[in-house]
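Lettering of chains follows the sequences in order, A, B, ..., and the numbering in each one begins at 1.
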Amino acid sequence: MAKKQTVSFTLNGTQVDVVVEPRELLIHSLREKLQHTGPHIGCETSHCGACTVDIDGMSVKSCTVLTVQCQDAEVLTIEGFEQGGELHALQEGFTQEHGLQCGYCTPGMITRAYRLLKENPSPSEEEIRYWMAGNLCRCTGYQNIVKAVQYAANKLSSASA
Amino acid sequence: MQDFSYQRPAALTAAIEAFEQAEDGRFLAGGQTLLPVMKHRLATPSDLIDLAGISDLEGISIAGSALSIGAMTTHARVASAAEVHDAIPALAKLAGCIGDPHVRNRGTLGGSIANNDPAADYPAAVAGLNATVYTDRRRIAGDDFFTGFFETALEEGELITRVEFPVAAAACYQKFDDPASGYAVVGVFVSRGSQGVRVAVTGATPCVFRMRDLEAALNRKFTPETVSGFCVPEEECNDDLHATAAYRSHLVGVMATRAVAAITDGEM
């Protein structure tokens with residue numbers, strides 16, 4: 001068996017160390033070793049986006065990244081969104097606009113939408129659909145997911161104005 | 001996933017040395033194909049040599065009348081880079097329609113062409129723009145690079161360092177994508193430059209290829225109507241759950257017509 005390696009990275013602002021075999025996927029380290037069970041395992045074949053996390057400012061499917069590839073990275077998961085008991089605008093948007101039914105895809109959706117709004121603070125509906133294409137919702141709730149992202153975009157832009 | 005050793009060298013020479021020392025080494029680029037393949041145990045390397053630490057392999061620059069893109073440059077970067085939009089907008093568009101945003105953030109040019117998936121997008125650009133593939137030991141003409149179903153001219157342990165795309169006067173990539181994966185059911189890349197017209201087709205057959213008879217006809221008369229009458233025989237086309245061979249054969253004509261029409265209309 002290949003030697004285990006210690007991998008250090010920043011997880012939602014906190015420095016963490018995790019000991020892994022090289023073959024361990026990031027989603028498994030997050031969920032099983034670091035108790036961050038927000039990112040979900042949907043397909044584990046990089047289709048569905050339920051495992052979406054943000055690595056060094058980019059949306060990534062954590063089922064298709066090895067933990068050993070994350071040395072010194074900055075990783076953000078859904079657990080990092082709420083600040084001081086206050087929901088992030090996206091979390092609020094998904095609540096207000098009924099952006100979820102079963103909720104399984106929601107952590108990935110919100111983490112992806114966060115990076116989208118960083119890159120494009122006021123996206124059109126078409127842009128939202130294009131840039132959210134890596135996240136699937138099997139309850140087919142896309143209409144309200146788009147509305148939830150728009151809700152957050154409006155709230156964030158009025159807050160910064 | 002089968003057990004393996006992992007290392008992340010910081011220099012090209014160290015990566016090649018690591019490969020030579022490995023029993024059954026594989027280079028890891030963005031991992032968007034290799035890791036899924038390893039999950040299925042269709043690849044079981046003893047060693048993964050991650051190229052992400054080698055900064056020389058990443059980047060985009062203009063080299064004379066060509067656009068040079070490092071092998072480890074991600075699809076997301078190619079899709080958004082001003083240099084690519086200015087020099088070859090069709091290439092930026094192609095990179096922007098690979099997979100989905102997450103995959104484009106990790107997947108790389110070098111990884112894509114080294115894998116040579118029959119439904120991948122980049123092979124169409126390499127063949128359609130007469131690109132040159134540079135490796136650690138030589139340069140390979142785009143026309144000679146793709147040799148068959150998941151096969152390339154790369155030798156054992158040979159590492160792509162960058163790809164040079166000559167700037168064409170006009171180019172367009174038209175793709176009929178699979179809605180679930182984003183892979184090309186059929187993709188046609190048409191370019192028109194000083195060396196004439198090139199038409200490269202991906203997705204339709206086991207390996208990307210050029211439609212040389214159509215190229216010759218388009219060199220004589222570059223109109224969408226010229227495309228009719230040229231087709232890829234159904235017998236040569238892929239037939240799977242995504243599309244029948246007959247459907248793919250038909251799509252080649254549709255996509256080629258759209259690409260030529262977009263160029264003649266100036267919409268690239």
Decide if atom NZ of A:Lys33 counts as having more than 12 heavy atoms of other residues, nucleotides or ligands within a radius under 6.0 Å. yes

Contact leader toward chain A among B:Arg8, B:Met38, B:Arg104, where contacts are heavy-atom pairs under 4.5 Å: B:Arg104

Between A:Leu66 and B:Phe4, does a side-chain contact (heavy atoms from CB on, under 4.5 Å) hold up when you go through it step by step? CA-CA 12 Å; A:Leu66 300 168; B:Phe4 56 84; 3.8 Å; yes

Considering residues, nucleotides and ligands other than A:Glu74, do more than 12 of their heavy atoms fall under 6.0 Å from its CD? no

Out of B:Arg106, B:His102, B:Lys39, which residue meets the side chain to side chain contact (heavy atoms under 4.5 Å, CB included) rule with A:Thr64? B:Lys39

Should B:Asp100 and A:His47 count as side-chain neighbours, where that means a heavy-atom distance under 4.5 Å? no

A:Asn135, A:Thr45, A:Ile55: which one forms the most heavy-atom pairs within less than 4.5 Å of chain B? A:Asn135

By a 4.5 Å heavy-atom criterion (distance strictly below it), what part of A:Arg115 contacts chain B: side chain, backbone, both, or neither? neither

Is it the case that the side chain of B:Asn105 and the backbone of A:Ser59 share a donor-acceptor pair, with hydrogens and angles ignored and the cut-off at 3.5 Å? yes

Restricting to non-hydrogen atoms, name the atom on A:Pro22 and the atom on B:Ser5 that form the minimum distance, rounded to 0.1 Å. CG-CA, 4.4 Å

So which heavy atom on A:Arg23 is nearest to which on B:Met1, and how close? NH1-O, 2.7 Å

So which part of A:Gln69 gets closer than 4.5 Å to some heavy atom of chain B, the side chain, the backbone, both or neither? both

Flag yes if more than 12 heavy atoms outside A:Glu126 fall under 6.0 Å of its CD atom; otherwise flag no. no

Region of A:Leu25 that comes under 4.5 Å of a non-hydrogen atom in chain B: side chain

CD of A:Glu82: more than 12 outside heavy atoms within 6.0 angstrom? yes

Identify which of A:Gly49, A:Cys63, A:Ser46 forms the greatest number of heavy-atom pairs closer than 4.5 Å to chain B. A:Cys63

Is it the side chain or the backbone of B:Ala76 that comes within 4.5 Å of chain A heavy atoms, both, or neither? neither

Whatever's closer than 4.5 Å to a heavy atom in chain A on B:Leu28 counts as side chain

Interchain contact, A:Glu24 with chain B, by part (heavy-atom threshold 4.5 Å): neither

Just give me the residue among A:Met132, A:Lys61, A:Gln71 that pairs up with chain B most often, heavy atom to heavy atom, under 4.5 Å. A:Lys61

